[in-house]
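In what follows, a single structure is set out as structure tokens and then discussed.
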Amino acid sequence: MHRSFLHLLIIWITFWPFSVSAEQPSRAAIATAHPLATQSGMEILEQGGNAFDAAVAITAVLAVVEPYSSGLGGGGLWLLHRATDGKQVMIDGRETAPGSASAMLYLEKNGEVKKELSLNGPLAAGIPGVPAGLVYLNEHYGRMMLAQNLAPAIRYAREGFQVTELYRKLAGFRLDVLRASKDAAAIFLHENEVPPSGHLIVQKDLANSLIRISEHGAPGFYIGELANRLIDDVRKNGGVWRSDDLAGYKIVERQPIITQYRDIRVISAPPPSSGGIVLGQALNILQNFNLERLDNITRKHVIIEAMRRAFRDRAAYLGDSDFIEIPVERLLDQDYSEGLAASIELDRSTSSEELGVFPVAEQTGTHTTHFSILDTEGNRVAATLSINLPFGSGFVPSGTGVLLNDEMDDFAIKPMQPNAYGLVGDEANRIEPRKRPLSSMTPTFLETGDHVAILGTSGGSRIISTVLLGVLDFADGNLPKSWVSIPRYHHQYLPDEVQFEQNGLTAIEQAGLRELGHTLSEKDRAYGNMQAILWWKKKNLVYAASDPRGEGEAVTSAIRPHR
Ligand code: GLY
């Protein structure tokens, strides 16, 4: 045998086991915004559940222990990857507008929007999707009994969970709204004030509502005694829900938005979320630049300009695809992105006015939650759940324990009238009966030949830019600990300003961006709460990280699948 061939053969035999990607992860991983949710997910995996069972348990536990972020009265998007057949799908449990909803409900006689009606109290609430989502996930993808998956949530609702500093801050932000609802005040406040740290929040009514779902499935929530209670108290307090709104709620399976950024396949949320399209469009634009070669300030400038352009198209074209035609192919077309990239000048900012003139408003605070799961069979879940503003609408229908969302504010109530996040929208996102309001939730998978990543975050309109910065950090070869920690900045077309979290841009970066013509707006706090997992297939290593800005927990474990 030729000597050099023999040499090559020896090298190949020596290194062969290490050059083949693993078929299944060496460890399971869970990252969520609350330690009790992470531990409950692990508990379900230990009992023999798969990632989808763990997702049911975690969704339900977060509904109990993070009432300011998500809940049975809210909605969610669960992005799934099933290992056995590679199926990738988004389970759409987004809220829907009630059948009698119209923009008129939120307008004064003079035609002005009466903001508090779409933010506070039962008129602000869409028909919840989380209860149906729990049951659907369990039935179609899980392998455990629903009662087993809901058991940890029922336990924490009965026994209580401890108030944290984050809880106190967000309850303080929504204090007046919580006080206005008798049941919300009794459950979430202590003597009508923000409870002290360590105070136990016990939710007996919520435990009973969860038990009803575990015994009767979705009809336990959407039909019968619990549904009647929800409707009665919503209507008594100015809401418009009807029994056919609840009975008619449907989960929808949707094809994810798939784009390619260099060697990375990006799988993310389709409409009714804007997440996947805006993320994909921004990445398509950035593909036209060699970001590594740019100096730090020019790189940030280009990323900001890509965000501006992608968010402009969000305002113009996106809404619920069951109601409107969205030109998805054109928005994600490489030629179109090349044109947008060509309109970016490296030495000056584009004003958003050059792209069109619309009203401007301020945006508000933290809400929503995200969790990521990988099991040792290779099943994955990236799920983002919301009730919109912290503690949603602040309204709990009497005797139900179900805190309702204020997701009606995610519609463009009046075309080009900014919502609570300062986002504008057009006809595409106007209120129509049974329509889903446009979301920014961006649960995402990233895949290369050698890596699988699972990520997402809370953060209102800043969700998409936070995920974008995470994707770029992944592309730079960094690990989840870095994606969840890197400083954050954001542009959403309008208001025409670069928003950045406290310390998100250095003084030098701020000066450099100002010189290019950007208006900067520093927020008085950090934002976002990213939960991320990476499976490095070639080395079969699994990493998980929870955002240091939040109170979450990320763990990995060598739990093997039970079949
Ligand atoms: N409620 C916030 C969102 O869905 O984007």
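When a ligand or atom number is given, it counts from 1 through the structure's own listing order.
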Relative to ligand 1, is Glu95 under 4.0 angstrom through side chain, backbone, both or neither, heavy atoms considered?
-> neither
Does Ser386 approach ligand 1 within less than 4.0 angstrom via side chain, backbone, both or neither, non-hydrogen atoms only?
-> side chain
Lys NZ or Arg CZ of Arg174 over Phe391 ring: under 6.0 Å, within 45° = no
Please report the shortest heavy-atom distance between Met530 and Thr466, naming the atom on each side.
-> CE-O, 3.5 Å
Where does Asp410 meet ligand 1, judged by heavy-atom distances below 4.0 Å: at the side chain, the backbone, both, or neither?
-> side chain
Residues Lys169, Glu165: salt bridge by 4.0 Å N-O rule | no
Any Gly460 heavy atom less than 4.0 Å from ligand 1 | no
For Glu407, the atoms of ligand 1 under 4.0 Å from one of its heavy atoms are 1 (N), 2 (C), 4 (O)
Would you call Lys250-Asp322 a salt bridge at under 4.0 Å N-O?
-> no
Could you tell me which non-hydrogen atom of Ala54 sits nearest to which non-hydrogen atom of Gly41, and how far apart they are?
-> CB-O, 3.8 Å
